[in-house]
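Lettering of chains follows the sequences in order, A, B, ..., and the numbering in each one begins at 1.
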Amino acid sequence: MEPKISEKVWNPELEKKILKQWEEEKIYDFVPQEDNFTIDTPPPYPSGRPWHIGAAAHYSQIDMIARTARMAGKNVYFPIGIDRNGLPVELYTEKKHKIRMRETDREEFLNLCRNALDDLEAEMILIMKNLGISGDFANYYRTDSEEYRTLTQSTFIDLWKKGQIYLANRPNNYDWVSGTTIADAEIIYEDLPTKLVYMKFKIKDTDQEIIIASTRPELVCACKTIIVNPKDERYTQYIGKKIIVPITNVEVELRTHHSAQQEFGSGAVMVCSYGDQNDVALFRELGLEEIVVIGLDGRMTKAAGEYAGLKPKQARTKIIEDLEINGLVEKIEDIIHRTPVSERSKIPIEIIPMEEYYLKQKESVEKIKKLGQEITFHPTMHKQILMNWLESINIDWPISRRRYYGTEIPIWYCKNCSEPYVPEPGKYYRPWNEKCPISNCTKCNSTEFVGEERTFDTWMDSSISPLFVSKFNVDNEFFNKVYPAAIRPQAKDIVRTWLYYTLLRCEQLTGKKPWSEAWIMGYGLDEKGMKMSKSKGNAIDPLPLIEKLGADTFRFWSASEINHGYDFRCNEQKIESNKKFLSKLWNVSRFLSSFPVIESGTLTASDKWVLSELDNLVKECKKGYDEYNFFIPAIAIREFTWNLFAAHYIEMVKARAYGIGFSDEERDGAIFTLHKTLSTILKLLAPITPFITEHLWKILYSKESIHKQKQVEPENIETQSDITKEITEFNSKVWNEKKSQSLSLKDSIKIEIPKILEPFKKDLKSMHNLVD
RNA sequence: GGGCCGGUAGUCUAGCUGGUUAGGAUACCGCCUCGACACGGCGGUGAUCGUGAGUUCGAAUCUCACUCGGCCCA
């Protein structure tokens, strides 16, 4: 009997052919029906080469969600988008062309950004396609397209009209390198070394002094009060006294406040505008008048006197020098300080009062908490990230950014009276470059307008992805069918941004939650468990790896190595070793391809046994697939296929399948069981390794794609796992025995078969060439 | 300071509703062409399950303390 499959190994080159077939047959096309399964796919951001291997693993798994849902009989809508707004491409463009954004013509700068994005995007799309992502590539969208930005602006206009947006001058997180305000969500904390300076402040009308410790001595110019803890007895006698601030010689009051920590520094703290968020809160609480000492250019302002024009770091050095000259420094300690840093530009932020637009979010927190409770998180533990974040929200969301490559804020201002004009929704506006749609100011009738130059925080765009893909405001019928989405897959580091903002925005705009399930994945780390980054040089480029090994090997690695929700390590050698399993599957199939596929057969004890184990496997896989945890089926399938089916069952029935020494009925029982088992394995594996399973399926079982099949359901056969142990142990015993006697595996041997294995006697005898 | 998660052989990991000779993968070593597969088969080395205490007849598994690592929030 000749096998239908002649090649001895799975050739990843075949993936290209299969990909083409899928494309031609349009097997993943989406036509909305009454019930749909919408995936709110994360649009990846093309920020540079190479694309992150962890992201490639992530998208592979998102595709497994889609395929699992399809095989469960769901009508899957799997949109593909590319996120193209925001700071990273601006920084990339500035570096690439050695230019400064603010010194470049805006239109020209935008074009350079667009070109950079196009290049990077092309490679990402290529990788996604090669990975076998079964998304809707024909209609892939971009968040910087006219349609997308129209929606972003329309939702802004809608919320403006509802009174959810306001303009306010407030101390804000300011990233002076990017020259823009950023939201709390865009701040990360880093432990950075700094100096804690103990300064001497004179107490007025006495010759006494108190010690103030600060990491920001340059802010003495903006010091408005000194606080100590009310329980701190060291300072009781000074409460209410005037203190002379060195350098400026301004008098400030010493008062008590519970936020002063007795253990930190000297226990007395200077409150300046603004060293940190606590200062902001204190200025507000105590009604202090702020002094702006750091300007938008990131340098000291005139208010800093002789230090004006210096960068804060330079001013700090200078001030410390000056204080030392005057004997006003008691000591300086080197400490590690948890410093707020801009997530994008990685520099410590300053807190500077600026006028920005805000979207109300504080009053939505309780509602969002409730929505969060209604959403199923996979894994459950990551819901906590959202809840912790909600607990810490205490200001509204500043949404305006002083950058170019983003969705423009659609507002014009009357040149005469400054009255803002917000246009009608449904159109894409670029106020910095376009005439105001009305000719006269609604308030003063003046005819001259100035367009707003700022753009939105990119999360204003990303946070409406479920609305965009469901054609909100554009096609109501479509919207009603596909919204809310079924699931939001995403990485865990953007729970407080993307996930939270999406909940907020969708709730504000539709009153409904955007999805019923959230699926949260961990980070991809390097082989030592360190974060991968281009600067560290430990980034792995996924593209050559996928081209060399094939998508299925990569995907199987992703499924079998990544326990859902936890961080995972990426190691090329490990990825490569997964090829072995595909090879095993290929050769099992190659063997089976020599036997005809038959509909039924008389089952022997061995057949019934392996089918009961197969049913256990189906149950186990279902458990994993039900919660979109592919680790469970991947491990279980590999274990069953390799260590049970191939190692034991196939060896046991080989002779029977060939019909040597067995009746036709017995032979057919084996052949039937072999094919039933393999076809089940293929279907179970199809969401994880779509290529090889498709190829084998079509050769062996059907012209119709495996990805059009329904997933196998458990038959609830009574388990025989006790027997499994007996069988595998007996086989091991025989193999060991032959080995110790230096016999070849085909040589005959005399070994007693245990009583419990009596029903399997004939198969075992032929397998091991046992003699009585 | 608070929260979440984790610490099982060189590496990754399963087991954690208490009783397993602690399972698998990978790496390593040895032997082997047996009518699918050397990207294979068989066998082997390798884990006092982070540390300490408690509960229990019995703990990797439950409780507490400590410790280390990662992340998040003050």
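Rounded to whole Å, atom C1' of B:rC12 lies 13 Å from atom CD1 of A:Ile575.
The side chain of A:Tyr658 lies closest to B:rG35, out of B:rG35, B:rG3, B:rG30. Taking only side-chain atoms of A:Glu651, from C-beta outward, the nucleotide of B:rA36, B:rG30, B:rG3 with the closest atom is B:rA36.
In this structure, A:Trp519 and A:Phe630 have tilted ring planes: the angle between them lies in the 30° to 60° band. Relative ring orientation between A:Phe645 and A:Phe640 is described as parallel, the plane-to-plane angle staying below 30° on a 0-90° scale split at 30° and 60°.
Take A:Tyr566 and apply the side-chain hydrogen bond (donor to acceptor under 3.5 Å, both in side chains) test, not counting sequence neighbours, and it matches no residue.
Within 4.0 Å (heavy atoms only), A:Lys8 reaches sugar-phosphate atoms of the nucleic acid but no base atom. Residue contacts shown for A:Leu644 are absent, as no nucleic acid heavy atom lies under 4.0 Å away.
Close to B:rG43, at under 4.0 Å from its OP1 or OP2, lies a side-chain N or O of A:Ser732.
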* Asked: If the sugar-phosphate is the primed atoms plus P, OP1 and OP2 and the base is the rest, what is the B/S/- string for nucleotides 14-26 of chain B, using protein heavy atoms under 4.0 Å?
  -> S------B--SSS

* **Which nucleotides of RNA chain B pair, in dot-bracket form (Watson-Crick or G-U under 3.5 Å, | meaning another strand)** => (((((((..((((.....[...)))).(((((.......))))).....(((((..]....)))))))))))).

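Going from the P atom of B:rG52 to that of B:rA9 covers 16 Å, rounded to whole Å.
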